[in-house]
Amino acid sequence: MAESSRRRWIGLVFISVAVALIIVDSTIVNVAVPSIVDELGISSTQVQWVQEAYTLVFASLLLLFGSLADRFGRRRLMVVGVVIFALSSVFAGLAPNGDLLILARLVQGVGGAMILPTTLSLINATFRGRERGIAFAVWGSTIGGMAAVGPLLGGWLTTEFSWRWAFGINVPLGIIIVIGVLLTVDESRERSRAPIDFVGAALSIVLFGSLVFGLIEGRTYGWWTLEEAFTIGGLTWPFTLSPVPVAFCITALALVAFVWWGVSRRRRGKSSLIEFSLFGIPSFRNGNIAALVVSLGEFGLILALPLWLQFVLGFDALQTGFLLLALAVGSFVASGFAGAFSGRVRAVTVVRVGIAAEILGVGWAAFIIAPDAAWGWLMPALFVYGFGVGLATAQLTGVILQDVPVELSGQGSGTQSTSRQVGSALGVAILGTVLFTTTGAALAASLDDAGVPTAQRDQIVDSVVDSAGGAIAGLGQNPETAPYLDAAETAFSDGTRAAAFTAAGFLVVGLAATFSLGRGRSDEVDETAASDVTPAEPPV
């Protein structure tokens, strides 16, 4: 019995490393983007797509792979996902241009979508009672910690070698995970011969893809009237109406079709991509709403901060990674607090405290951001932010899944992961738009005040915005544009600050959403319930 228990906990280590593989890669990219901009010459829109290509596919396929994992084996699907993720990382590291890098990131999203829901469903199927809470705490602290260790590792690899090696690190990690999981994690599946809902999967891809496309490309092609030629392959958009509102209409239609299709399949006794009955569980329904809104702002600061640190303050990638290490320290400290109060304080209370700490940290950082900022003051702000992430992430996951039946754990974890990833994708799209739109508007206004001719003003603004800030240093090196260096640095700082305040605003809404959780009873776990093998009753 002791040997079996020890093996389960060792298996949890490898499951957590699999989560770390996803998180490290995502955060490494944030630090490496300035170097990618310099080497490949990608535009600010491509910068967003380097992030969004991964997140979009990731979010679109989580539900499908959560369902497939339940049927064909959770461990099996996770191993396949790790292999795909590692191989696509090789292609990302070898990409000769931005388009192929984005394509590699799309394939990475497929692998990541196989990994994340299977890690959660394996934990949900393997652990019970108090042990499950501890396992989720380990899983969550891994996410929080790796969100900052990733920039440090990526900064070192990018500075000492190349941004390409930042993707290469996934290969040895992938080999370790595959071997470890096969040796220590038992296969887990639910026997079901029900047909897979591929139509629902296709509708979800159209839904999320069209939504994120509209949010990212609105500032490029226009929110209503076409402002720039839109081409796909050899085809050119023939209308004066921008494709962006059309994309949003497709989003609305796809959402209606997705819900109608899923409900009608359930009424006919067939399986659907989402088990809609799960939304009858208050903790699951309300928790998913809170998770989506919180994720809109949770990692917003990490999107803009590395660009600002490197292009305005002049940090290199390694120095940026060291600064962001404060996030990891805060997250690990939070995991200790979460473990100490497990079973003593309601999980939803811990979630609220964590989100409040995130709001404080992001708001604090926003007030500091300026062209002449004393970066040392950012470290305590990031520590507080990381502390909040560490408290909120795992506990909110536990609240959402605590009452989900084991046989539906794949769909349950896939749904909650999708809520987070959709929120994250929307957050990156919205905050990226806020960052670059604010930067462009502030710089244009400043140059107008300085009496810069319209043509030159537009050229400077476009160069700064399209390069995601990478052209700022070049302004100072050119005698003709050197007088406008301060204006560019101030404008990019304004954009970064606006993105941070927007992230804080989303977190405030997310905190408000958590007050719909846990009404009417305590959700704490006592010692007698800790060994119970059945999930707790849904909160009233």
Side-chain angles (χ1 to χ4, degrees), residues 33-34 37-38 41-49 51-52 98 214-230 240-245 300-301 303-314 365-373 428-505:
V33 158
V37 170
D38 289 339
I42 63 177
S43 68
S44 61
T45 299
Q46 287 178 307
V47 166
Q48 286 182 271
W49 276 114
Q51 291 282 26
E52 290 294 352
L215 290 171
I216 289 180
E217 300 293 356
R219 65 186 179 88
T220 300
Y221 298 114
W223 296 103
W224 186 253
T225 303
L226 185 66
E227 297 179 2
E228 183 176 315
F230 173 54
T240 57
L241 177 68
S242 169
V244 171
L301 193 62
L303 167 70
L305 198 58
L307 293 171
W308 173 74
L309 287 170
Q310 295 183 54
F311 289 148
V312 176
L313 295 192
F367 280 109
I368 294 170
I369 293 170
D372 57 350
V428 170
I430 294 171
L431 294 173
T433 298
V434 169
L435 167 63
F436 297 121
T437 300
T438 303
T439 297
L443 182 54
S446 180
L447 295 178
D448 282 339
D449 292 341
V452 178
T454 301
Q456 186 181 12
R457 179 204 65 189
D458 291 344
Q459 184 179 12
I460 293 172
V461 171
D462 290 345
S463 67
V464 170
V465 172
D466 289 345
S467 67
I472 292 176
L475 295 178
Q477 297 168 0
N478 184 342
E480 293 184 7
T481 57
Y484 314 127
L485 175 63
D486 290 343
E489 291 180 339
T490 299
F492 203 84
S493 298
D494 290 345
T496 305
R497 188 184 311 111
F501 277 128
T502 303

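All residue numbers in this chain count up from 1 along the given sequence.
- Rounding to the nearest 0.5 angstrom, the gap separating the CG atom in L241 from the CG atom in L226 is 8.5 Å.
- Taking each heavy atom of A500 and A366 in turn, the nearest pair found is CB-CB, 3.7 Å.
- Residue L313 holds its CG atom at 4.0 Å from CH2 of W308, rounded to the nearest 0.5 Å.
- Between the S446 side chain and the A442 main chain, no donor and acceptor come within less than 3.5 Å of each other.
- Nearest heavy atoms, Y221 versus V244: CB-CG2, 4.4 Å.
- For the atom pair CG (D448) and CG (L443), the distance works out to 9.5 Å, reported to the nearest 0.5 Å.
- Between F492 and I472 the shortest heavy-atom distance is CB-CD1, 3.9 Å.
- From D372, atom CG reaches atom CG of D486 across 9.5 Å, with rounding to the nearest 0.5 Å.
- Inspection of the S242 and W223 side chains reveals no N or O donor paired with an N or O acceptor under 3.5 Å.
- Heavy-atom neighbours of Q459 CD from other residues, nucleotides or ligands within 6.0 Å: at or below the threshold of 12.
- Contact record, V464 with A488: CG2-CB, 4.3 Å, taken as the closest heavy-atom pair.
- Of the possible polar contacts, one joining the R497 side chain to the I369 backbone as a donor-acceptor pair under 3.5 Å is found.
- For the residue pair E489 and V312, the shortest heavy atom distance occurs at OE2-O, 3.8 Å.
- Interatomic distance, CG of L485 versus CD1 of I460, reported as 11.0 Å (0.5 Å rounding).
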